[in-house]
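Every chain is numbered from 1, with letters handed out A, B, ... down the list of sequences.
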Amino acid sequence: MSAPAKLQEPELARRHRIGKVFEWLCCGSTWFGLVVLAVLLVSVLWQALTWPAPKVKPGASGPTVAKAEDSAIPLSKQFFTNYDSRHPRRAGILAPIWGSLWLIGLVALLSVPIGVGSAIYLEEYANEGHFKRLIQINLSNLAGVPSVVYGILGLTAFVRMFGLFGKGGKTLVLNLGFTTLDVPLPFERSLIAGALTLALLVLPTVIVAAQEALRAVPSSIRIASYALGATQWQTIRHQVLPAAMPGIMTGVILALSRAMGEAAPLMMIGALTFIAYCPGEITNVGDIFRNPHGLVDAPFDKFTALPLQVYNWINRPQADYQHVAAAGIVVLLTILLLMNTAAIVIRHKFQKSTRW
Amino acid sequence: MTIMQSFNELVHQRQQRESAKRIRPVETEVTKLDVRNLNFFYGEKQALFDVSMTVAERAVTAFIGPSGCGKSTFLRALNRMNDIIEGAHHNGTVLLEGQEIYAPDVDVVALRKRVGMVFQKSTPFPKSIFDNVAYGPKIAGQRNYKTLSEIVEQSLKRAALWDEVKDRLQDSALALSGGQQQRLCIARALATNPDVILMDEPASALDPASTARIEDLIFELKQNYTIVIVTHNMQQAARISDWTAFFYQGYLIEKDHTQKLFTTPKKKQTEDYITGRFG
Ligand SMILES: Nc1ncnc2c1ncn2[C@@H]1O[C@H](COP(=O)(O)OP(=O)(O)OP(=O)(O)O)[C@@H](O)[C@H]1O
Ligand SMILES: [Mg+2]
């Protein structure tokens, strides 16, 4: 009679235990991140919706009376229509919201054509070789350069323009036919200088994302197009680009949302933070129709942006400003979230509508 | 020899269908393409060795041969699709109606409009059925919507696809079945109004029913077009082609009337290949 097969092994049980422990550790890491994030969000939201309790000074005669123009909570309706203020309860984000919107719009205008153009050149035209390899390696490196470095570059290249225009600077008057445009040279601390700086910052990301989208278009599409007598440009224009567009858009939006949250390079180029003025004097959509000229003036105006303003508020000593900053963060996060959602929606639609 | 008899049978069936349809006999052919001493290289590697061949107008010429023998390479040389491949070069001449297609003043784009191509794997563009067919004429400069719709309708009818898609021209071409997609690709090639249509194994990925439809279609098309088709299926070659060329290891071994090649091949290699006695 042979011994019954051994179905229990003490060694095996130990290995199972190790496996279990590891599973719990991994689960713990996931939840650690989630919980910290949740706590952060809730506390920011809480701050954004309440003012701090007033500190009653020992010698003071009762609590200070709230003025009529003070807002009830930091994230109030007023918050969106007011400029920054020395009174925390009257501070708003009108200027930084318009500043950020302008910034993103200009960055998109600058980085999309240049980025997509470079990607098309690299993917569709450039021959494989040392030159392309060199560019490719540098692109990945540039994408990792700290944003402060771009700020320094922007300061010399765009804000000061290497001092080419002397001390006082010059004004270039451009005649656009329907209107004239005063372009200050150098750009100084204007929107356009900030936008150019941020465009440089996101350009490597945009190029790499667009390249990936172009590479994902199967070559059979190109070959089929050539076989029908299309030129290379027609093939790119009518087949490759439309097929790659959702991928490119996703990449661009993600890159723009990164630019949206950057404070460091703007700080380097010296964007202002206390500003009671919107670029082009456009404070709401109606102003655009009342004064269309503001649209062409705006890029050369001084500006501030959301992350800068938030940073500035946090550095102020009054406790109330911490809550104003929280309200700013909520606005910033909401915009970023919307942009990322748009990217996800586009990608999702793309996956559903295309199967090669 | 039973195998050859069966091929003979197939050829006969076709000839009966032809006379029933009053398609003019193949004997009166005109040379459409004339290839002389073509050597073709992928970088260092030579893929075609001194190939000379004529392709008759308004007839179906089939290329057969084992995998890797250079059929596709030869086919692509006929509309310069090989130009896209890096490192590919050639010597020798290819004449389309007496005109050298590799001459420096020849515009490849114009050439490819006259010599269309259908690929093994159907490659519809991720656009609507209408836009797929209208693409060729559109990029050639045709802007008039009415003309375009006429071209689309005519091409789809010729490709025997019109009845299946006429109610959903704006639907995505990717929603069609494999066989429909392949016919769409044929319609797309017809829309540029070519003289010659090159087909590289157009039915190899299709089920028997779709294959039969494509074969019928080729049979119809040869009344107006010169057709060159690569196929691995020798029954198919016997069923649809007037001429058959046998390639082996980059050499053109033999080209003859389909019936002659399949019943009385001159070369031993050809006979071995078509009777399946092949290594
Ligand atoms: N793009 C390419 N680059 C390098 N070599 C190639 C290329 N295309 C084909 N070849 C080579 O040229 C030879 C002929 O290939 P070709 O595709 O013309 O064969 P084929 O007869 O069409 O084969 P199949 O029946 O499998 O399609 C093969 O040895 C192949 O490896
Ligand atoms: Mg092949």
Given that the side chain runs from C-beta out, which part of [X] has a heavy atom under 4.5 Å from chain A: side chain, backbone, both or neither?
{"X": "B:K127", "result": "side chain"}
{"X": "B:R188", "result": "both"}
{"X": "B:I84", "result": "side chain"}
{"X": "B:T123", "result": "both"}

Compute whether any side-chain donor of one residue and acceptor of the other, for [X] and [Y], lie under 3.5 angstrom apart.
{"X": "A:Q239", "Y": "A:Q234", "value": "no"}
{"X": "A:E262", "Y": "A:S147", "value": "yes"}
{"X": "A:Q232", "Y": "A:E124", "value": "no"}

#### Entry: B:F125: ring-ring contact (aromatic ring centres under 6.0 Å, His included) partners, not counting sequence neighbours
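With neighbours one apart ignored, the set is B:Y135.
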### Query
Should the heavy atoms of other residues, nucleotides or ligands under 6.0 Å from CE of A:M249 be counted, would the total exceed 12?
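Open.
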### Query
Out of B:L111, B:V109, B:D83, which one racks up the most heavy-atom pairs below 4.5 Å with chain A?
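Of the options given, most contacts go to B:V109.
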